[in-house]
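Please read all numbers here as calculations on a predicted model, not as lab measurements. Residue numbers run from 1 in the order of the sequence given. In listed order, ligands and their atoms are each counted from 1.
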Amino acid sequence: METSDFINFAQSLYGSKEVALHAPIFMGNERKYVNDAIDSTFVSSVGEYVNKVESTLANITGSKKAIATSNGTSALHLALLALGVGSNDAVITQAFTFVATGNAIAYTGAEPIFIDVDKETLGLSPESLKNFLVKHTTYDANGNCVIKSNRKIVKACIPMHTFGLPAKIDEICAVCRDHKIKVIEDCAESLGSYYQNTHTGNFGDLSAISFNGNKIATAGGGGAVITNDIELGARIKHISTTAKQPHRWHFYHDEIGYNYRMPNLNAALLLGQLELLDKFLELKRDIGQKYKNFFSAFSDIEFINEPDNSKSNFWLNAILVKDIKERDRFLLETNNAGITTRPAWTPLHKLPMFSNSLTDPLNNTLELFDRLINIPSGVPGAAL
Ligand SMILES: *Cc1c(COP(=O)(O)O)cnc(C)c1O
């Protein structure tokens, strides 16, 4: 494929000369709701829009409980705290993820461990996970899975549904269950994605969603924890709101809490976006199919399609080129032409703060970093 073939195709797909990687689109009730929140004077951490967002999210995902948070990173942090993760623990995640997943683990004082992804889903590989656990862990007297070298308890595992592609989440959960490891799904990118017929986020103990400006629906900044465990849900709400005991006027906080709630102003914007989610999903699927057809004509490019038995939200489309040289040439030529493309995240174990972490060989992660490119995937304004 010539890069110019791709540039022409992206320009015609989006009906413009310059194309963003993923720009938000506001085409519903967003302005009306934000104005209403301002008029009500409830712009901060309590308000009707926060409640509405929480019930809407529970509905969309089919989960029992959703707790709106200040962002996706705080949602991950809260999920780890609610499971009691601390400095005597280790938490497994994938090396191929956004830095926030690793940061949230580090905030708790736990040790992050980075495992490989599989090439089909780009999510945590259940085989790699199992191999790592067999090789590096044993059980302590209480039956906890502990790292052989430092006796830290492997308390949780955070698989991530990369770019909206559902990971092999039932296999991952089965391996974790066998080792008494709790599962937090990082669904930051997977709102509207289904594994088999169940919305992502319903397989683990807790899940985190992000509503950052580049995600499929945005609050400006925001996130949510979803869960089917009512007790864990109540605990998360408590610690996300300064651990204040409810009372009409007294301020009594029963532990160190966090100010991680979503402001009502952001919830107002988000409610408008969530009402559009089905439309966004339809338009993004259409873009994904058009890319798939386009790239099928070129043998030197591989389009990453949704895995079998899954329904992706097509949040961020990705292709694989031959090698890192081709990748860098493609990135330069497309970005010079005003078509925004991006390489994958630097694998987390290559970042200075995580460079001493335990890992497995990470063969797929390293290959994906060399070969993967994200291409424009937003909802095309011209299509509306
Ligand atoms: C966006 C993202 C987050 C963090 O969300 P913020 O709302 O930006 O804090 C976490 N994990 C992944 C995989 C993400 O893509």
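- Those atoms of ligand 1 that come under 4.0 Å of a heavy atom in N71, given as number and element, are 7 (O), 9 (O).
- Considering backbone and side-chain atoms together, K215 places an N or O closer than 3.5 Å to an N or O of ligand 1.
- With ligand atoms numbered from 1 in the order given, ligand 1 contributes 7 (O) to contacts under 4.0 Å with heavy atoms of G222.
- Cation-pi geometry between R285 and F280 is not met at under 6.0 angstrom from the ring centre and within 45 degrees of the axis.
- In this structure Y107 satisfies the ring-ring contact (aromatic ring centres under 6.0 Å, His included) test together with H77, sequence neighbours excluded.
- When hydrogens are left out, the protein atom nearest atom 12 (C) of ligand 1 is A188 CB, 3.4 Å; that is the closest non-hydrogen contact.
- Both cation-pi conditions hold for K244 and F251: the charged atom is under 6.0 angstrom from the six-membered ring centre and inside a 45 degree cone around its axis.
- For the pair K52 and Y49, the cation sits on the ring face: its NZ or CZ lies under 6.0 Å from the ring centre, inside 45° of the axis.
- Considering backbone and side-chain N/O of G72, one or more are found under 3.5 Å from N/O of ligand 1.
- Judged as a salt bridge (Lys or Arg N to Asp or Glu O under 4.0 Å), the pairs with a partner in residues 152-162 (not counting sequence neighbours) are, in order, D89-K155, E111-K152.
- Close approach of ligand 1 to T73 (heavy-atom distance below 4.0 Å) involves ligand atoms 4 (C), 5 (O), 6 (P), 9 (O).
- Ligand 1 lies nowhere less than 4.0 angstrom from a heavy atom belonging to A104.
- Residue contacts with ligand 1 for T97 involve side-chain atoms from C-beta outward but no N, CA, C or O (heavy atoms, distance under 4.0 Å).
- On a distance-only criterion, E189 and ligand 1 share at least one N/O pair closer than 3.5 Å.
- Between S210 and ligand 1, a contact under 3.5 Å exists for at least one N or O pair.
- In D186, the part holding a heavy atom less than 4.0 Å from any atom of ligand 1 is the side chain.
- With respect to E54 and K237, a salt bridge is recorded, a charged nitrogen being found less than 4.0 Å from a carboxylate O.
- Of the charged side-chain nitrogens involved, at least one lies within less than 4.0 Å of a carboxylate oxygen, so that D118 and K168 count as a salt-bridged pair.
- Remark: E255 engages R235 in a salt bridge, criterion side-chain N to carboxylate O under 4.0 Å.
- Proximity annotation for atom 10 (C) of ligand 1: of A100, S70, S74, A100 comes nearest, heavy atoms only.
- A 4.5 Å side-chain heavy-atom check between V225 and T69 finds at least one atom pair inside the cut-off.
- Taking a cut-off of under 4.0 Å to the non-hydrogen atoms of M160, the atoms of ligand 1 that pass are 13 (C).
- Which parts of ligand 1 touch T101 is read off a 4.0 Å heavy-atom cut-off, strictly below it: atoms 11 (N).
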